[in-house]
Amino acid sequence: MAGVSIITPVEVLLSKRVQEMVLSGNGDPLGPYICEKDRDYGEEEESTENNSPIPFIDIGKLCAKENDQELKKLKLALSTWGCFQAIDHGIPSSFLDKVREVGREFFGQSMEEKNKCAKKVAEFQGYGADPVPEDGQSLDWSDRIFLALAPKDQRNYTFWPQNPISFKEVLEEYTENMKRFTEIVSKSMAKSVNLEEGCFLKQFGERSQLHGRFNYYSPCKRPDLVLGMKAHSDGSGYTVLLQDETGLQILKQGKWYTVPNDANALLVIMGDQMEIMSNGIFTSPVHRVVSDSRRDRISVAVFYTPEVGKEIGPEEGLIDSEKPRLFKMVKDYADIHYGYYQRGMRSLHTVQLQV
Ligand SMILES: O=C(O)CCC(=O)C(=O)O
Ligand SMILES: [Fe+2]
């Protein structure tokens with residue numbers, strides 16, 4: 001009938017997996033997946049530089065006695081880019097391959113198998129798509145499985161895949177690696193701004209949280225219209241990301257820079273809560289994932305977040321007459337962040353002080 005368009009309700013789309021639509025040949029992006037243009041981030045263009053300027057930080061050098069140079073590089077990376085590629089982090093590349101592999105194997109299974117870990121539309125943990133609090137926003141061209149990793153008593157193993165069989169063991173081992181890694185990074189960040197090394201760890205608290213998110217990006221026929229993940233900053237303290245293909249882009253001064261795919265590097269991205277704790281010295285960058293017409297992609301994001309109910313705020317040692325306090329104290333910021341994130345907006349302004 002002329003003039004009648006059939007709009008599939010968001011709830012129906014959210015109960016479907018993008019991967020399922022693509023594999024069954026219904027992979028033409030539908031209305032709710034089409035991204036208007038990133039809101040709230042101003043005019044943008046893609047960088048045409050061939051070599052990525054995203055800084056590398058050598059974790060081995062940070063742990064050495066003579067680490068002044070590397071600490072300077074770290075501070076510069078975090079205050080300009082808000083992210084860095086960690087190398088020489090001590091996690092064997094063969095193990096990183098395993099983490100990517102169990103993720104690929106999980107998504108490669110039948111829907112029936114994957115749905116054993118399915119989440120309800122409005123919940124977070126499990127396999128599915130993010131809950132969407134409001135209509136009228138574009139959906140991501142990706143599927144994911146989101147799991148609480150630490151503290152251990154927060155794990156809900158009913159959402160952990162039983163297949164591939166090694167999934168649980170590999171993810172548990174990766175979690176232990178992430179605990180060690182985040183401890184080193186948090187201490188180094190504190191030292192890089194001349195603070196006592198344990199100060200950020202103290203803010204994260206004894207029951208700091210780790211959440212894992214395996215993202216699966218299916219190929220998309222219209223990568224010009226659809227994003228794998230919409231532009232956002234993370235609500236975490238910071239995020240550690242493993243990827244197997246390019247697709248992730250970081251926004252810096254109005255330009256999108258593609259993060260190269262370096263198989264052994266872990267990308268560390270500041271979340272809004274590190275921007276708060278560092279009193280704005282470190283920046284929490286906006287990033288997005290573009291889609292690709294031919295290949296799929298997997299990434300594994302681990303979000304490191306302060307303990308539930310713990311108040312965090314700018315470190316006193318980073319406040320003085322030249323650099324006044326920029327943010328209020330806040331607890332459970334990730335919850336505030338989420339509602340804004342889903343509307344394509346930032347939430348830092350909700351905790352900013354007028355200076
Ligand atoms: O897939 C990626 O590279 C980025 C994922 C991401 O930004 C996120 O999960 O918050
Ligand atoms: Fe992110």
Side-chain angles (χ1 to χ4, degrees), residues 18-19 35 38 40-41 52 54 81-86 96 99-100 103-104 106-107 119 124-132 138-149 174 178 209-220 223 226-252 256-263 265-275 282-292 295-305 333-334 337-348:
V18 171
Q19 189 181 9
C35 179
D38 301 323
D40 217 25
Y41 304 119
S52 164
I54 295 172
W81 286 92
C83 67
F84 64 89
Q85 303 220 67
L96 295 182
V99 178
R100 284 182 276 248
R104 278 216 169 256
F106 170 73
F107 286 105
K119 64 190 265 303
F124 282 92
Q125 278 213 77
Y127 168 64
D130 283 344
V132 176
S138 59
L139 302 180
D140 294 335
W141 197 254
S142 54
D143 303 315
R144 49 69 149 187
I145 178 163
F146 185 84
L147 300 167
L149 305 177
Y174 193 52
M178 286 297 104
Q209 310 173 71
L210 292 173
H211 290 95
R213 175 175 167 135
F214 290 73
N215 298 301
Y216 180 75
Y217 302 92
S218 296
C220 178
V226 171
L227 286 170
M229 192 177 290
K230 63 175 140 299
H232 65 283
S233 66
D234 286 350
S236 57
Y238 57 98
T239 306
V240 184
L241 194 94
L242 186 62
Q243 55 174 352
D244 76 347
E245 291 286 352
T246 52
L248 176 63
Q249 297 184 327
I250 307 276
L251 187 64
K252 181 169 180 268
W256 289 107
Y257 293 84
T258 297
V259 179
N261 176 27
D262 185 316
L266 291 167
L267 183 78
V268 178
I269 310 178
M270 293 301 98
D272 286 355
Q273 301 200 52
M274 270 319 301
E275 182 160 339
F282 302 156
T283 185
S284 158
V286 170
H287 51 285
R288 69 179 183 186
V289 179
V290 292
S291 47
D292 190 280
R295 55 165 174 72
D296 60 359
R297 172 175 188 267
I298 194 139
S299 71
V300 185
V302 171
F303 303 100
Y304 179 51
T305 310
Y333 173 83
H337 170 272
Y338 195 73
Y340 284 88
Y341 160 72
Q342 285 296 41
R343 281 176 275 148
M345 292 162 78
R346 294 206 70 172
S347 50
L348 260 179

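Ligands are counted one by one from 1 in listed order, and the atoms in each one are counted from 1 as well. These numbers come from a predicted model, not from an experiment.
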Taken in chain and number order and not counting sequence neighbours, the residues that satisfy ring-ring contact (aromatic ring centres under 6.0 Å, His included) with Tyr127 are Phe106
What protein N/O/S atoms sit under 2.8 Å from the Fe ion (ligand 2), by chain and number? His232 NE2, Asp234 OD1, His287 NE2
Not counting sequence neighbours, which residues clear side chain to side chain donor-acceptor pair (under 3.5 Å) with Asp292? List them please. none
Neighbouring protein residues of ligand 1 - any heavy atom closer than 4.0 Å: Arg213, Asn215, Tyr217, Met229, His232, Asp234, Leu241, Leu248, His287, Val289, Arg297, Ser299, Ala301, Phe303
Picking from Leu149, Leu242, Leu210, what satisfies side chain to side chain contact (heavy atoms under 4.5 Å, CB included) with Tyr174? Leu242
Residues Ser347 and His337: closest non-hydrogen pair is OG-CA, 3.3 Å
Sort out for me which residue in Asp234, Leu251, Ile250 forms a side chain to side chain contact (heavy atoms under 4.5 Å, CB included) with Val286. Leu251
Does the ring centre of Phe124 sit less than 6.0 Å away from the ring centre of Tyr338? yes
Does a donor on one side chain sit under 3.5 Å from an acceptor on the other, for Arg144 and Ser299? no
Please report the shortest heavy-atom distance between Gln125 and Leu147, naming the atom on each side. OE1-CA, 3.6 Å
Under 3.5 Å, is there a donor-acceptor pair between the side chain of Arg104 and the main chain of Val99? no
